[in-house]
Amino acid sequence: QFLHYPINIRDTTYEGGFLTLSEDTLGRFWLGTLTNKLYIFDKKQKKFKIIQNPEVKDEQYYFPENDKDGYIWILTSKSLIQFKDEHTILSRYILPEYFLGAAQRLIQDPNADFWIGSLGGGLGFLNVAKRKFLFYRNDPLNPFSLSNNDIGSILIDIEGNLWVGTYFGFHRLMKSY
C-alpha cells in the first residue's frame, strides 16, 4: 500500500517529474525535477515547499546529494551548487558548455570531491578544495579512455574504486584521484 503526498502548495506550473531525492540532516527530502523548481518535502509536516533562488534562474534541478558535512549539493542543467540551507548558496560551479543540459549523475567520493556523469559530455570531476574541474571523455586513439561520452551510471565501491557505465561499456578508473 502506497501513501500519496500531493503537492499541497499553490504552484500552477507543476508538471511532475520528480527524478531524484536526498534527505538532509533535518530529515527533509530535497526533490530534483525536470522543471526549473526544486522542492523540499517536510516529512513531519507532510508539506512541500518550492525553493526558488534568484541566483539560479532557468535551470532544471536534477540531482540533490548530501555531503559529509551535511550540505546539499544540487546538480542542475547549468551548474553544481552547494546549499547551506534552502536560502543560502555557499558555492556555485558553472559547467562547461558541452555539459549544459546533459549532466545527469552526481556522486561524492571518499575525498569529498564530486563526479558528474553526462549524456554526451563524458565524466566530470570536481576537486572541491582546489575549485577545479577535470573532464574525462572518449578518445578514439586512446584504448584506456571512456568507450563513450554517454554516462548512464556512476558508483564508488566499498574499496573506493570509481566504476562508470556508459552506453558502450563498463569502466573502472585506476585509483589516482
Measure the shortest side-chain to side-chain distance between Leu123 and Leu162 over non-hydrogen atoms and say whether it is less than 4.5 angstrom.
yes
Should Lys49 and Tyr39 be marked as a side-chain contact (heavy atoms from CB on, under 4.5 Å) after you check the CA-CA gap, both sets of side-chain angles, and the distance that decides it?
CA-CA 6 Å; Lys49 182 192 304 188; Tyr39 291 83; over 6 Å; no
Linking I/L/V/M/F/W/Y whenever any side-chain heavy atoms sit under 4.5 Å apart, do Leu21 and Phe2 land together?
no
Phe168, CZ: over 12 other non-hydrogen atoms inside 6.0 angstrom:
no
What about Leu134 and Ile107, same hydrophobic cluster or not, with Ile/Leu/Val/Met/Phe/Trp/Tyr joined at side-chain heavy-atom distances under 4.5 Å?
yes
CG of Leu90 to OH of Tyr71, rounded to nearest 0.5 Å, is 5.5 Å
Taking it one step at a time, do Ile50 and Leu38 satisfy side-chain contact (heavy atoms from CB on, under 4.5 Å)?
CA-CA 6 Å; Ile50 297 176; Leu38 177 65; over 6 Å; no
For the CG atom of Asp69 and the NZ atom of Lys84, what is their distance to the nearest 0.5 Å?
12.5 Å
Phe83 meets the ring-ring contact (aromatic ring centres under 6.0 Å, His included) criterion, sequence neighbours left out, with Trp30
Any side-chain heavy-atom pair from Asp67 and Gln82 closer than 4.5 angstrom?
yes
Using ring-ring contact (aromatic ring centres under 6.0 Å, His included) as the criterion, list what pairs up with Phe133, not counting sequence neighbours.
Phe135
Heavy-atom pair with the smallest gap, counting every atom of His171 and Ser147:
NE2-OG, 3.0 Å
In one Ile/Leu/Val/Met/Phe/Trp/Tyr side-chain cluster, 4.5 Å: Tyr136, Leu141:
no
With Ile51, the side chain to side chain contact (heavy atoms under 4.5 Å, CB included) member among Asp85, Ile40, Ile74
Ile40
Nearest non-hydrogen partners of Ile72 and Asp24, listed with the distance
CD1-CB, 3.9 Å
Sorted by chain and residue number, the side-chain hydrogen bond (donor to acceptor under 3.5 Å, both in side chains) partners of Asp42 (sequence neighbours excluded) come out as none
Closest heavy-atom pair, Ile154 versus Ile116, reported as atoms and distance to 0.1 Å, is CD1-C, 3.9 Å
Keeping to residues at least two apart or across chains, list the side-chain hydrogen bond (donor to acceptor under 3.5 Å, both in side chains) pairs with something in residues 116-132.
Tyr93-Arg131
Spacing of Gln108 atom CD and Ile156 atom CD1 [to the nearest 0.5 Å]:
8.5 Å
In terms of hydrophobic clustering (I, L, V, M, F, W, Y; side-chain heavy atoms under 4.5 Å; direct or indirect links), are Leu119 and Val164 co-clustered?
no
So, Thr166 and Asp150: side-chain donor and acceptor under 3.5 Å apart, yes or no?
no
For Asn111 and Asp109 the tightest heavy-atom approach is N-OD1, 2.8 Å
Decide side-chain contact (heavy atoms from CB on, under 4.5 Å) for Phe114 and Phe125; before the verdict, give the C-alpha distance in whole Å, the side-chain angles of both, and the deciding distance to 0.1 Å.
CA-CA 6 Å; Phe114 285 95; Phe125 170 74; over 6 Å; no
According to a 4.5 Å side-chain heavy-atom criterion applied to Ile, Leu, Val, Met, Phe, Trp and Tyr, with indirect links allowed, do Phe29 and Tyr5 form part of one hydrophobic cluster?
yes
How close do Asn66 and Ser22 get, counting heavy atoms only, and between which atoms?
ND2-OG, 3.1 Å
Assess the residue pair Leu95 and Lys78 against the criterion (side-chain contact (heavy atoms from CB on, under 4.5 Å)); give the C-alpha distance rounded to whole Å, side-chain angles, the decisive distance to 0.1 Å, and a yes or no.
CA-CA 6 Å; Leu95 297 174; Lys78 298 179 182 177; 5.9 Å; no
I'd like to check the side-chain hydrogen bond (donor to acceptor under 3.5 Å, both in side chains) partners of Lys43; sequence neighbours left out, ordered by chain and number.
Glu23
Without swapping roles, check the side chain of Arg105 against the backbone of Gly152 for a donor-acceptor pair under 3.5 Å.
yes
What pairs with Asp139 under side-chain hydrogen bond (donor to acceptor under 3.5 Å, both in side chains), at least two apart in sequence or on another chain?
none
What's the shortest heavy-atom distance between Lys68 and Ala112, and which atoms?
CE-CB, 3.5 Å
What is the ring orientation for Phe170 with Trp163, classed by angle as parallel under 30°, tilted 30 to 60°, or perpendicular over 60°?
parallel
